[in-house]
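Take a look at the structure below.
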Amino acid sequence: MEAFQLLSRGGARFDKQRFLSDVQLFNKTAQKDPKGKGKGSVTSHDFELPAELDFFKYAKGGTGKRKATEKVGNPGGKRRKVGDGSGDEDENEDEDGGEPEEDGPTQKHRVTTKGSDVPQHIDSFEALRERYPVPQRLLANLADNSYKHPTGIQSYGIPILMESRDLAAISPTGTGKTLSYLLPIMSNLGSPASGSNSDAGVGVRAIVLAPTRELAHQIYNECLKLAVGRKWRVILFSKATASTLGDKNVRDKVDIIISTPLRLVASIQEGNLDLNNVRHLVLDEADRMLDSEFLSQVQEIVAACTHPTIQKAVFSATLPAGAEKLAMGMLRNPIRVVVGLKDTPLPLIAQSLTYVADDASKLPSLLTYLSQPYNPPVLVFTSTQPRATSLAEELVLNGIPNVDCLHAGMTNKEREDAVSRMRKGESWVMVSTEVMARGMDFKGVREVINYDFPTSVQSYVHRIGRTGRAGREGKAVTYFTDEDGPYLKSIANVLLQSGSTVPDWIVKLPKPSKMKKKQMGKIKRAETVNAARKIGRNDAIKKRDMIAGSKRRKAKEHGPTDRDEGVSNFSG
DNA sequence: AAAAAAC
C-alpha cells in the first residue's frame with residue numbers, strides 16, 4: 001500500500017500495470033489476481049500491502065548481525081539529550097513482531113530519535129487530525145494523491161514539525177522526505193496569505209532550499225499537489241518569478257518559495273526580498289547545502305530569516321559528521337531522527353562492483369551491457385559534463401536508442417526537456433552528472449550505472465538512490481578502474497553495510513590512511529590489478545562482472561577505437 | 001580529495 005502511495009507521488013507518470021507485478025513480488029500475503037492485470041481493472045484497493053511493508057527492508061547477509069527494529073514512540077515522555085551525533089545513540093527500540101523472511105520483504109525497520117520531548121509518532125495520516133488542527137483540504141489532497149500510510153520518516157518527522165520543533169531528519173533515498181516537511185509547513189501556515197489570514201503577516205512565510213533546479217522543480221510540483229483547491233501562492237524561484245516580486249502586492253502575499261540558494265541570495269541582495277516573515281525554513285539535501293560552495297549562501301539566507309519563532313529543518317539520506325555539526329549548530333533544541341542506517345543505501349538496491357581495467361574499457365563494457373536485456377530507463381553517471389556529453393554521443397553513434405543527456409552546462413530548456421522525456425518514459429538511457437544524483441524521483445528507474453566512480457560515499461549513496469524508490473527493487477552497477485583503487489574499499493564497505501556482497505579481495509584491501517592516500521594509491525593500484533586478475537580466474541565470483549569483462553574485450557575489438565577528448569581526459 | 005552546481 002505504502003509503496004503504492006509513494007509511487008504515485010512525484011511528477012513521474014506511473015504505470016499501474018507495471019507496478020502490479022512489483023507488488024506481488026513484495027507482497028506474499030497478496031493473492032495473485034490475474035484479473036488485476038486486466039486493463040483498467042486495477043485500483044489502489046487491489047493491492048493492500050501490509051503496513052509493516054515499509055520502504056526499508058533489511059537485507060540478509062552483510063556484516064554480521066543486524067538490528068532491525070522499530071522504535072516505538074517515547075513512552076512516558078522520556079527526555080533525551082542531544083549529543084554530538086556521532087558515537088552512541090540514545091535509542092529506544094522495539095521489535096516489530098514480524099519474522100525475517102528469506103527472500104520476501106523483511107518486515108522490520110528501525111527509527112531512532114534523539115532530543116528532548118520527542119512527540120509521539122503517528123501511525124496514520126488520520127491520526128494527525130486527532131492531534132493537530134490539520135486543514136481538511138490538505139488531508140483530502142493527501143488522499144487524492146493516494147497517500148494512505150505514512151513512511152517511517154513521515155510517521156516520526158511530521159509530528160515533530162507539527163509541534164514547531166526543529167528537526168534533523170536522516171532517512172534513506174526514496175522514502176518520502178519531501179512530504180515529511182511540506183505537509184507540516186502547509187498545515188502550520190493555516191491558510192494562504194492572500195485570503196483573510198490575519199496571522200500571515202507580510203511577506204513569504206516558508207522557504208525550501210534545494211541544491212539543483214531540477215530538484216527544486218520537483219518539490220514545487222509536490223507542493224502544488226498539496227495546494228490544490230486553495231489559493232496558495234507557491235513560487236518556484238527563478239529569474240522570471242523572482243522579478244515578479246518587484247511588485248509589492250505580489251511580494252507581500254507569497255506563501256512558500258522553493259529555490260536554489262544562490263537565486264535567493266541574489267534577490268535578497270537586490271533588495272527585492274525580505275525574509276523577516278519566514279517561519280519555516282527547510283534545507284533539503286542538507287549535507288550538500290552545507291558543503292563549502294553552498295555554505296556561505298545558506299548562511300546568508302539563514303541570517304536573513306529573522307522571525308523570532310522560525311522553525312528550521314534539515315533533511316537528507318546522508319549527513320557526514322561535519323555537516324551534521326553545522327546543521328545542529330543552526331537548529332534550536334533540535335530533534336534528530338534517523339531511519340535505517342545513516343549514509344547507507346536501501347537494501348532494496350542490488351549493488352555490484354565491476355572491474356574495468358581503464359577508462360578506455362568503460363565504453364565497450366557499457367555497450368555490452370546495453371546490448372543485453374535491460375530495464376529502461378537506465379541512469380548513467382559520469383564525473384564531468386564533457387564526459388556526459390561525449391558518452392551520450394558515443395552511445396548514439398553506436399546505435400543505442402533513446403539516449404538522453406543532462407548536465408548543468410546545458411540550457412535551461414534543454415534540461416527541462418530532458419527531465420520531461422525522462423518523466424514520460426521516453427528516455428531509455430539517461431547520461432548525467434551529479435546534478436541528477438540527489439533527490440530526483442523517477443519511478444521507473446530500475447538500474448543505475450556509475451560509469452565513473454563516485455567521488456564520495458555520499459555521492460554513491462545518492463546516485464544509486466535514484467533507483468529502489470518507494471519500496472521497489474533496484475539495481476546498481478559501479479565500474480571501477482585501477483585508478484579508483486584508493487577509494488574502492490570505502491564504497492565496498494557501503495555495499496556490505498546494506499547487504500550486497502563484495503569480492504573477498506576488495507574486503508581485504510588495507511584501509512588507506514589519509515596522510516598516505518596518494519602514496520598508497522600507487523601501491524594499491526598494483527594490488528587492485530593483481531586482485532582483479534584473480535577474479536578473472538575465479539568462477540565463483542560475480543558472474544555478471546566476468547561476463548561484462550569478457551564481453552568488454554570482445555566489444556573492444558569491434559567497438560569504436562577513436563575516442564572523444566571528453567571521455568579520454570579522465571585519467572589525469 | 002574532487003567535480004558539480006548555484007547566478
Side-chain angles (χ1 to χ4, degrees), chain A residues 207-219 236-243 245 257-270 272-273 283-301 318 320 322-323 359 380-391 405-412 414-415 418-419 431-440 450-460 462-463 466 481 483-491 511-522 524-525 566-567 569-572:
Chain A
I207 289 179
V208 178
L209 293 177
T212 64
R213 254 179 237 145
E214 282 76 14
L215 182 53
H217 201 306
Q218 180 179 287
I219 295 165
L236 174 59
F237 227 47
S238 65
K239 201 152 204 179
T241 52
S243 68
L245 299 188
I257 288 178
I258 321 283
S259 181
T260 50
L262 197 51
R263 179 60 261 175
L264 207 59
V265 167
S267 281
I268 294 171
Q269 289 174 350
E270 287 162 13
N272 275 342
L273 189 61
L283 302 188
D284 205 343
E285 306 298 345
D287 52 336
R288 180 74 185 82
M289 305 299 282
L290 294 171
D291 75 15
S292 53
E293 303 83 349
F294 276 127
L295 182 57
S296 59
Q297 300 165 25
V298 169
Q299 284 173 332
E300 189 167 344
I301 292 164
T318 55
D359 191 52
V380 180
F381 284 102
T382 65
S383 58
T384 67
Q385 294 179 7
R387 284 176 65 79
T389 305
S390 55
L391 176 58
C405 182
L406 178 45
H407 60 68
M410 294 158 50
T411 66
N412 282 353
E414 288 170 333
R415 288 170 69 169
V419 170
V431 183
S432 68
T433 60
E434 287 291 309
V435 71
M436 295 297 283
R438 283 174 176 261
M440 296 311 295
N450 287 317
Y451 187 81
D452 291 333
F453 207 72
T455 55
S456 72
V457 164
Q458 289 76 30
S459 163
Y460 176 76
H462 285 278
R463 281 180 176 191
R466 294 321 93 211
T481 65
E483 304 203 333
D484 301 318
Y487 305 100
L488 187 54
K489 191 184 168 70
S490 60
I491 300 296
K511 191 176 181 179
S513 89
K514 275 181 187 169
M515 293 241 291
K516 294 179 182 168
K517 209 170 222 175
K518 196 163 187 185
Q519 202 183 351
M520 288 185 69
K522 287 170 190 159
K524 231 191 297 201
R525 201 164 300 168
V567 172
N569 70 6
F570 179 58
S571 53

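First the proteins, then the strands, lettered A, B, ... as listed; each starts at 1. Scope of the values below: all heavy atoms of this structure, side chains included, with no hydrogens, waters or symmetry mates.
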Completion exercise
Rounded to whole Å, CG of Leu290(A) lies from P of dA4(B) at a distance of 21 Å
Completion exercise
dist Asp287(A):CG -> Phe294(A):CZ (nearest 0.5 Å) comes out at 11.5 Å
Practice task
Specify the separation, in whole Å, of atom CD of Glu300(A) and atom C1' of dA6(B).
Solution key: 13 Å
Exercise for the section: Give the rounded distance in Å between these two atoms: CG of Leu406(A) and P of dA4(B). Expected result: 14 Å
Exercise for the section: Could you tell me whether the phosphate oxygens of dC7(B), OP1 or OP2, come under 4.0 Å of any side-chain nitrogen or oxygen in Arg213(A)? Expected result: yes
Problem - side-chain contact (heavy atoms from CB on, under 4.5 Å) involving Ser292(A) - partner list, sequence neighbours excluded - result: none
Problem - Interatomic distance, Glu285(A) CD vs dA4(B) P [rounded to whole Å] - result: 19 Å
Handout entry: Integer-rounded Å distance: dC7(B) P and Asn272(A) CG
Key = 16 Å
Exercise for the section: Tell me what Ser456(A) touches on the nucleic acid: a base, only sugar-phosphate, or nothing, going by heavy atoms under 4.0 Å. Expected result: base
Problem - Of Thr384(A), Thr389(A), Thr382(A), the residue whose pairing with His407(A) passes side chain to side chain donor-acceptor pair (under 3.5 Å) - result: Thr389(A)
Exercise for the section: May I ask you to say what Arg415(A) touches in the nucleic acid, namely base, sugar-phosphate or nothing, with a heavy-atom cut-off under 4.0 Å? Expected result: sugar-phosphate
Exercise for the section: Taking the side chain as every heavy atom from C-beta outward, state whether Met436(A) and Arg466(A) have any pair of such atoms under 4.5 Å apart. Expected result: no
Problem - Atom pair distance, as rounded to whole Å: CG in Asn450(A) and P in dA2(B) - result: 19 Å
Problem - Nearest-angstrom distance from the residue atom CG of Asp484(A) to C1' of dA3(B) - result: 14 Å
Exercise for the section: Tell me whether the OP1 or OP2 atom of dA5(B) has a side-chain N or O from Thr433(A) closer than 4.0 Å. Expected result: yes
Practice task
Pick base, sugar-phosphate or nothing for Pro261(A), based on heavy-atom distances below 4.0 Å to the nucleic acid.
Solution key: nothing
Handout entry: Presence of donor-acceptor pair under 3.5 Å, side chain of Arg288(A) and base of dA4(B)
Key = yes
Practice task
Provide, to the nearest angstrom, the distance between the CG atom belonging to Leu262(A) and the C1' atom belonging to dA5(B).
Solution key: 10 Å
Exercise for the section: Taking side-chain hydrogen bond (donor to acceptor under 3.5 Å, both in side chains) as the test, write out the residues that go with Glu293(A), two or more places apart. Expected result: none
Fill in the blank from the handout: Side-chain contact check for Phe294(A): nearest option of dA5(B), dA4(B), dC7(B) is dA5(B)
